[in-house]
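What follows is a short report on a single structure.
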Amino acid sequence: MMRFCPSKKLAVLAATLLLATSSVAFAQKITTEPDPTVLDVHAGDTVHASKLPDGIYLREVNDPDDIIWARIPAYRTLVSAAPPVHASTKLRFEPKEAQYLYFQLARTSERFYVRLRWQDPTENRKTDVDAFRDGAAIQLALNGVDTSYMMGTGPKKPVNIWYWRADQEQVEDLAAGGYGSTTMLPEQLVTGKGVYHVERNSSDNEWHVVMSRKLASAGEYQAGLKSGVIPIAFAIWQGAEGQRDGNKRVSHSWILVNVLPAPPAPQPSPSTSQTPSNPEQAKPASPGVQSKDVPQAGQFY
């Protein structure tokens, strides 16, 4: 059994995923306009991973811009300034506007993928005395939604953290069991890749990042990805805004991810295709968050 303890190597990460409360999040102005073709996801909503058919592969294992991503549902959630819980972050706490983070979830019979994209006017890949890198993290609760949103609730209710940083391609596979306990896991099972897209208007520049892991690679303090519902949360760092450590934008409480694809919506049989007398009966039963304007969770086009 691994004992959670502060690590010198990860001292700068001790405050990395302190997650914001709703009162802080919704008090901030939203700096980016939402994409009307993408589905809104809020705290407590359940979404499903999309199943990629066997024989369909990304050009590279973690290709953020493969055509596959245009064929599965995309979701968005607000991310806003994390509260300055630790004394070191209070000195530099300047709440920035909230913005939208877009994410997609996919799986094959062997691997689980999360794709993130967000607007960032500047590409920041270095960390120096007065310069900071961009980054993103995915936090997965290992033992239910009652796990503390502040990096876990001790060793009995820890979290698994996938941390991508723009100054290296390696994704750090971490665990935490409470504030100040961030630990590098002995087996680094998560991989990833980030690509920065420059547009004509710099405010439209974006990071596209994919992080993934084999389904079967569930070691100690690694999230189980073969079945079930996993509480998940997100964080991003904008280096140009001086964000680092606990100074970042985070999502609001847990989003629930069913790692199994959604079952297909029931189709009416020819004998029952007449218009129902109750309008509610005309709505297909389908789990998760869905929209008629975009591919539904679990479908591949």
Side-chain angles (χ1 to χ4, degrees), residues 1-7 10 13-22 25 41-49 75 77 79 82-83 85-86 101 103 105-107 111-114 116 136-164 171-192 211-235 246 248 250-262 287-289 297:
M1 175 69 69
M2 181 179 67
R3 181 179 179 183
F4 285 108
C5 60
S7 167
L10 295 173
L13 291 177
T16 51
L17 287 181
L18 299 179
L19 303 175
T21 60
S22 298
V41 175
H42 305 284
D45 285 347
T46 298
V47 295
H48 289 256
Y75 307 104
T77 191
V79 290
V85 177
H86 191 267
L101 173 69
F103 66 98
L105 308 161
R107 59 171 289 160
R111 199 168 190 90
F112 181 79
Y113 299 85
V114 182
L116 306 176
I138 304 166
Q139 180 173 261
L140 306 97
L142 301 183
N143 291 314
V145 293
D146 58 340
T147 300
S148 170
Y149 216 54
M150 297 295 184
M151 299 181 73
T153 314
K156 293 184 178 180
K157 285 190 174 292
V159 293
N160 184 199
I161 301 166
W162 300 359
Y163 176 43
W164 171 86
V171 175
E172 296 182 5
D173 197 354
L174 312 169
Y179 179 75
S181 66
T182 306
T183 303
M184 184 82 74
L185 292 174
E187 290 186 279
Q188 293 292 291
L189 303 176
V190 182
T191 61
M211 290 181 257
S212 71
R213 202 203 74 196
K214 289 183 178 179
L215 300 178
S217 302
E220 191 173 21
Y221 301 111
Q222 303 275 0
L225 299 173
K226 288 187 175 181
S227 63
V229 175
I230 302 174
I232 195 170
F234 305 101
K248 60 190 179 296
V250 296
S251 54
H252 327 310
S253 192
W254 299 116
I255 294 167
L256 305 179
V257 174
N258 191 327
V259 299
L260 293 177
V289 181

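Note that this is a predicted model, so its numbers are computed, not measured. Keep in mind that the numbers below use all heavy atoms, side chains included, and drop hydrogens, waters and symmetry copies.
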So, does [X] use its side chain to make a donor-acceptor pair with the main chain of [Y] at under 3.5 Å?
X      : Y      : result
Lys157 : Asn143 : yes
Gln222 : Glu187 : yes
Ser251 : Ala233 : no

If you compare all heavy atoms of [X] against all heavy atoms of [Y], which two are closest, and at what distance to 0.1 Å?
X      : Y      : answer
His48  : Pro261 : ND1-C, 3.7 Å
Val145 : Pro231 : CG1-CG, 3.7 Å
Thr183 : Ser181 : OG1-O, 2.8 Å
Ala235 : Lys248 : CB-CD, 4.0 Å

Could you grab the distance from atom [atom1] of [X] to atom [atom2] of [Y], nearest 0.5 Å is fine?
X      : Y      : atom1 : atom2 : answer
Tyr113 : Leu225 : OH    : CG    : 12.5 Å
Thr77  : His42  : OG1   : NE2   : 7.5 Å
Asn160 : Ile230 : CG    : CD1   : 9.0 Å
Thr182 : Ile161 : OG1   : CD1   : 5.0 Å
Ile232 : Leu140 : CD1   : CG    : 4.5 Å
Tyr221 : Asp173 : OH    : CG    : 13.5 Å

CA sep, side-chain torsions, deciding dist, call: Val190, Ile138, side chain to side chain contact (heavy atoms under 4.5 Å, CB included): CA-CA 11 Å; Val190 182; Ile138 304 166; over 6 Å; no
Partner residues of Leu260 under the side chain to side chain contact (heavy atoms under 4.5 Å, CB included) criterion, sequence neighbours left out: Arg107, Ser227, Asn258
Audit row: Met211, Leu116, side chain to side chain contact (heavy atoms under 4.5 Å, CB included) steps and yes/no: CA-CA 8 Å; Met211 290 181 257; Leu116 306 176; 4.1 Å; yes
Residue pair Thr147, Leu142: steps toward the side chain to side chain contact (heavy atoms under 4.5 Å, CB included) verdict: CA-CA 8 Å; Thr147 300; Leu142 301 183; over 6 Å; no
Side chain to side chain contact (heavy atoms under 4.5 Å, CB included) evaluation trace for Val114 with Leu105: CA-CA 5 Å; Val114 182; Leu105 308 161; 3.9 Å; yes
Listed partners of Phe103 passing ring-ring contact (aromatic ring centres under 6.0 Å, His included), at least two apart: Tyr75, Phe234
